[in-house]
Each structure stands twice: as structure tokens, then as C-alpha cells.
Amino acid sequence: MLPTPIKEILTWEPRGQSCMVGGWVRTFRSNRFIHLNDGSNLAGIQVVVNFELLPAELLQSISPGACLRVKGRLEASSGKGQAVEIQAVEIELMGKAESDIQAADFYPLQPKAHSLEFLREIAHLRFRTQTFGAVFRIRHAMTFAMHRFFHERGFFNIHSPILTASDAEGAGEMFRVTTLAADQPPRAEDGSVDFSKDFFGKAAHLTVSGQLEAELAALALSKVYTFGPTFRAENSNTTRHLAEFWMIEPEVAFADLNDNMDLAEANLKYLMHYALEHCAEDLAFLNERWKKEEEAKKKEERSELDLLERIQFVLKEPFARITYEEAIRILEESPYQKKKKFQYPVKGWGTDLQSEHERYLVEKEFKRPVILTDYPKEIKAFYMRMNEDGRSVRAMDILFPGIGEMVGGSQREERLEFLQNRMAEMGIPETELHWYLDTRRFGTVPHSGYGLGFERLLLFVTGMSNIRDVIPFPRFPKGIAF
Ligand code: 4AD
Ligand code: MG
């Protein structure tokens, strides 16, 4: 029989009824109180041991990290900090965890504060900490809410491929997938690697985005979304970049950029609302953690709002919507530019905004999320719809406090000729994307979509400061340990 989740037991009225739980020991105090957690919630439950009833040898083996199955009676607790507790009748030690610091197999997660850096090195065990338990329960809730949001609105989830022969973003930062011998690949006459001999008969990569495939589906199913892992081989060792991250990419036929902005704003707010409603215990814990971190910062770097207030604030306010051109003007006239506080000064139209600029707009100027639209075509992908000015495209980026870019999207170029011209300008051969161009040949229609970086959303909701701490096993340059 499976143990009852502790979360469920905590909803019972304590009447001395028997129950069975299974979980891992957080602490064992005074040879009497075991704090047991099974991951079903943050709090866990207190198990009270009567050492006269249980073998001394067994009790000696119970230490932090050990796995127990406990049968006992559920009683009201007279102690502080919990309403109920389990009076143990029988304890089964499923797996012990060495508590002797001298031992080679010492369990590294002793009950004390560990740095996130240290926990990243033992990512295989960090699920067992309160912080990561909270983060990954919220990650699950956000995944579920994401599917629910789209399902409620009549979207279909499309599983776009992970292996691909196309480079959707044209950014040239893809991981190659090959079965050719690394040391002696077959060569063509000119000495280049002969990928026609490779598994797929051509060069293949891990996808950077499911967008192009989502577009194909949207031009038949009208409203679709993808939610999958994407891969980028950028050498960005930052707190905002992963080499493997999860992205949600809706794509909607008949939608223009305004519809797209409305959908994205509703999408983000729905998720935050869901988190407040369904993850209250974990969020309260992360809020305390956030407050402690803020206190440790210099006064001028501290956030005015705590984690929960920040989420509530974003929910309440409409996102600011401005064009790239307006943003450049604001930045150029800002005191930061004048006092040379930007590492990269803003230099008019065409400047590729850095995260310091994005954060200035969000945190200093508007003090709420900002949607920037109509970027110069040169700094955006080939598929974005050209504006009448011939120099800007119908792009939108959603910028968030503390994070920078959370969403990148656009109205797509639905006109065959415009698309062909843009591809030619950017040196993208039509033969590579003939299937994509076919949608513009056969029954084309204006459509729009965006990509929402799931881990960036989680950074905002959990208040964690490093993206490596909101994905179970982060991949980054020189990092693929687990
Ligand atoms: O702006 P990006 O590159 O847009 C696309 O990939 C489009 N195909 C999306 C679309 O229109 N369907 O990426 C979208 C989002 C970014 O805004 C960011 O939140 C996240 O994906 N992102 C990353 N997250 C973590 N690590 C990285 N290396 C990321 N690169 C992008
Ligand atoms: Mg982007």
C-alpha cells in the first residue's frame, strides 16, 4: 500500500486514527521529534517517537536524509508550529543516510543553510531542500496552468520536433546532432564534412524554437501552441540564459500584433494569478527567503516590493506599450545616458537594446512590464511582418522587472513576396524553407505568435535570482553534470 501524502493528512481532523506516511527526514530532535517531508507540500509533518516502544538501534540510524515509512496515530499537537502530529507506532527505515561527517558517504544536506551555489553542485539532491521543493512544485503548477490557459481558449497543443534541419531564428547558435565519427567524418571532394552520409542525409541540429512548425499548424488549426525544450549554443554565462530551456510558443491565425499583445498579457497574468491562488504555501516561504536576500543588499539596490507584492502589482497594472522608437528616445533622454551610467550608451535607431536598457525602461521609467514594438528589421528575425516605413517590423518584446526580456514575438510576414525579399536580403536560401513558404502560397492569412521563456517566468514568480535554480538540471557552457 502506498503511504498517504502528508499534504492530504494535514487536512484530516485528528482523532487518533491510524495513518501511514513515507518520506525523508529533515531533522530528528531530542531522540523524540522527527520532521518528515515527502515533497507533497512544504510543511511536512512531525512524527513523535516513544523511545520505549521502538528499538534503540533503529532510532540511532535515523538522521537527516534517511527515508522512513511510519505507521502511527494522527493526534492534535500541543507543540508550537503544527496543528497535528503522528504518534509513531511503527517505523521502518527504508534507506539510511550517513550523518558522520568523517564518513566517506556523509550525507551533504545537513539541516543548516546551504548556499545556492553549493546546492547547484549537488543538484541531484537539492530537490530535498525546502527551497527547491517549493520551486519545483511551482514549476509543475505553472506547467499545468499553462496548458489550462490555452486549452480553455480553444488552442491545440502541437508537439513540434526537437531534431531539425532548419535554423528558425537564423542566429547560427545551434547544437549539431550527428552520428558521424567525430575524429574521421566522411569528407566531400572540397574537404568539407559530407553530411549527406550523416543519419538524416543532411546536417541536423537541436531546435532553437518550434515557431515555424507552429505556424504551419496554425494555418490549419487556427490556434495552436507548443511547449517544449529548445536549445541554444550561445556562450552566455549569465543568470538569464540556459543552453536548454523550455519555451511556450502560441501561434494564432487572423491575429495581428495587438491581438498578440493582448494574448501574451492575459497569458502572463493568468499564470501569476494561478500561482497566488494555488501555490500560497510555497510562495510565502519563497517570499521570506526573498526578503532575507533583499535585506542583505545595499539600500539603493533593494526592491521596494516584496515577492508577493511584486506579483500582485504586475497583475493589477496594464502593461505599458510603446514602440522601439519611443523607447530609444526615452533612453537617450534619461539621466542614466547623460550621467554615462549605461555600460553601452544608446546610439539612436538601430541600437540593439541591452538588458541594462530594458531594465531601465521597466524598473525606472515605467515601473511595470513594458511591451516594446516595431523594432528595426536589422535586429530581428526574417519572418517578422514589414511595416510600411520599410525599416521596422511588427515585433514585440515583453520586458519584466528584474528579468528583462520574458517574451519575444511578432506578427508574421504573411505576404509571399515580402517574405521572399527578406530571405534574399538575409541570405536564407528558399530551398531550405520551401515548406514554410508554401503556407504563404496556399491560403495565407495574417497571423501572430510569441515565445515565452518558461524559466524566465519562473524566475519572476519564485523570486530566484539565477535561472539555473528554476530548472531541475541546468545546462550551460561547461555545465552538464547530471
Ligand atoms: O526571443 P526569442 O529568441 O524568440 C523566439 O525564439 C521566437 N521563435 C518566439 C516566437 O515568436 N514564437 O525567445 C523567446 C523567449 C525569450 O523572450 C526568453 O524569454 C526566452 O525565450 N529565451 C531564453 N530563456 C533562457 N535561456 C535562453 N538562452 C533563452 N533565449 C531565449
Ligand atoms: Mg528575443
Side-chain angles (χ1 to χ4, degrees), residues 142 146 150 155 158 160 164 166-175 206-218 223-252 255 257 259-261 263-264 267-268 271 324 352-355 357-358 362 369-373 375-376 379-385 393-400 402-413 436 447-461 464 466-471 474-477 479:
M142 294 292 87
M146 192 68 78
F150 287 111
F155 284 68
I158 297 295
S160 51
T164 179
S166 83
D167 175 1
E169 297 302 304
E173 48 198 33
M174 307 182 84
F175 288 102
L206 296 179
T207 189
V208 296
S209 157
Q211 176 195 325
L212 301 191
E213 290 87 356
E215 281 189 58
L216 310 182
K223 293 199 274 188
V224 301
Y225 70 106
T226 69
F227 188 166
T230 49
F231 308 86
R232 298 198 184 176
E234 324 165 75
N235 207 357
S236 315
N237 240 318
T238 78
T239 56
R240 310 267 174 274
H241 290 87
L242 289 165
E244 175 179 289
F245 65 98
W246 287 67
M247 186 155 55
I248 296 88
E249 295 184 275
E251 199 65 40
V252 182
L257 196 69
D259 300 317
N260 207 29
M261 288 191 277
L263 181 68
N267 188 185
L268 289 167
L271 281 143
Y324 166 91
D352 200 354
L353 297 182
Q354 304 291 323
S355 70
H357 308 132
E358 297 176 341
V362 172
V370 177
I371 313 186
L372 286 190
T373 63
Y375 282 71
I379 56 176
K380 289 292 177 191
F382 74 96
Y383 48 71
M384 299 194 181
R385 193 177 202 276
V393 288
R394 283 307 256 163
M396 65 168 208
D397 275 9
I398 305 188
L399 315 178
F400 256 67
I403 295 192
E405 184 188 332
M406 174 96 81
V407 169
S410 63
Q411 182 167 337
R412 317 307 189 188
E413 184 56 82
Y436 184 68
H447 59 286
S448 302
Y450 57 86
L452 163 53
F454 191 50
E455 287 77 19
R456 300 228 177 138
L457 170 71
L458 288 172
L459 280 179
F460 185 77
V461 173
M464 300 299 282
N466 192 322
I467 200 162
R468 295 174 191 178
D469 295 333
V470 294
I471 188 163
R475 272 85 181 88
F476 50 90

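Order of appearance sets the numbers: ligands from 1, and atoms from 1 within every ligand.
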I need the minimum non-hydrogen distance between Arg468 and Pro474, along with the two atoms involved. O-CG, 3.5 Å
Would you indicate whether the side-chain heavy atoms of Tyr450 and Asn267 approach each other to under 4.5 Å? yes
Looking at Tyr225 versus Phe150, is the centre-to-centre ring distance below 6.0 Å? yes
Reported CG-to-CE distance for the pair Leu257 and Met396, which is rounded to 0.5 angstrom: 6.5 Å
Within the structure, is a non-hydrogen atom of Trp246 found at a distance of less than 4.0 Å from ligand 1? no
Which atom pair, heavy atoms only, marks the closest approach of Ala214 to Glu249? CB-O, 4.3 Å
Angle class for the Trp246/Phe227 ring planes (parallel below 30°, perpendicular above 60°, tilted otherwise)? perpendicular
Would you kindly specify which portion of Glu249 sits under 4.0 Å from ligand 1, judged on non-hydrogen atoms: side chain, backbone, both or neither? side chain
Would Tyr383 and Gln211 count as having a side-chain donor-acceptor pair, cut-off 3.5 Å? yes
As an exercise, identify every atom of ligand 1 less than 4.0 angstrom from a heavy atom of Tyr383. 7 (C), 8 (N)
Measure the spacing between CZ of Arg232 and CG of Leu206 and express it to the nearest 0.5 Å. 12.5 Å
Options Arg456, Gln211, Arg232, Lys380, ranked by nearest heavy atom to atom 2 (P) of ligand 1, top entry: Arg232
Any non-hydrogen atom of Glu251 lying under 4.0 Å from ligand 1? no
For the 3.5 Å polar cut-off, considering only N or O atoms, please tell me whether His241 and ligand 1 meet it. no
Ligand 1-proximal atoms of Arg412, by part, heavy-atom distance under 4.0 Å: side chain
Closest approach to the Mg ion (ligand 2) by Glu405, given as the N, O or S atom name: OE2
One finds that the ligand 1 atoms under 4.0 Å from a non-hydrogen atom of Val407 are 17 (O)
Show me which atoms of ligand 1 lie under 4.0 Å from any heavy atom of Glu234. 28 (N)
Distance check, rounded to the nearest 0.5 Å: Arg394 atom CZ versus Lys380 atom NZ? 13.5 Å
Strictly under 4.0 Å, does any heavy atom of Gly409 approach an atom of ligand 1? yes
Output the list of atoms in ligand 1 that are nearer than 4.0 Å to some heavy atom of Leu242, sorted by atom number. 25 (C), 26 (N), 27 (C), 28 (N)
Considering Pro474, Ser448, Gly451 one by one, which has a heavy atom nearer to atom 15 (C) of ligand 1 than any of the others? Gly451
Say whether Phe245, considering both its backbone and side-chain N or O atoms, lies within less than 3.5 Å of an N or O atom on ligand 1. no
If you measure every N or O of Ile467 against every N or O of ligand 1, does any of those distances drop under 3.5 Å? no
Proximal ligand 1 atoms for Gly408, defined as those under 4.0 Å from one of its heavy atoms: 1 (O), 9 (C), 10 (C), 11 (O), 17 (O)
Using a 4.0 Å cutoff against the non-hydrogen atoms of Gly453, which atoms of ligand 1 qualify? 15 (C), 19 (O), 20 (C), 21 (O)
Does the N or O separation between Ser209 and ligand 1 drop below 3.5 Å for any pair? yes
List the atom of Ser160, the atom of Thr226, and the distance in Å for their closest heavy-atom pair. OG-CG2, 3.6 Å
Where is the tightest heavy-atom contact between Ile467 and Arg240, given as atom of each residue plus distance? CD1-O, 3.4 Å
Could you list the atoms of ligand 1 found under 4.0 angstrom from a heavy atom of Arg240? 25 (C), 26 (N)
Aromatic Phe400 / basic Arg456 pairing, under 6.0 angstrom, 45° off normal: no
Counting heavy atoms only, which part of Phe476 comes closer than 4.0 Å to ligand 1: side chain, backbone, both or neither? neither
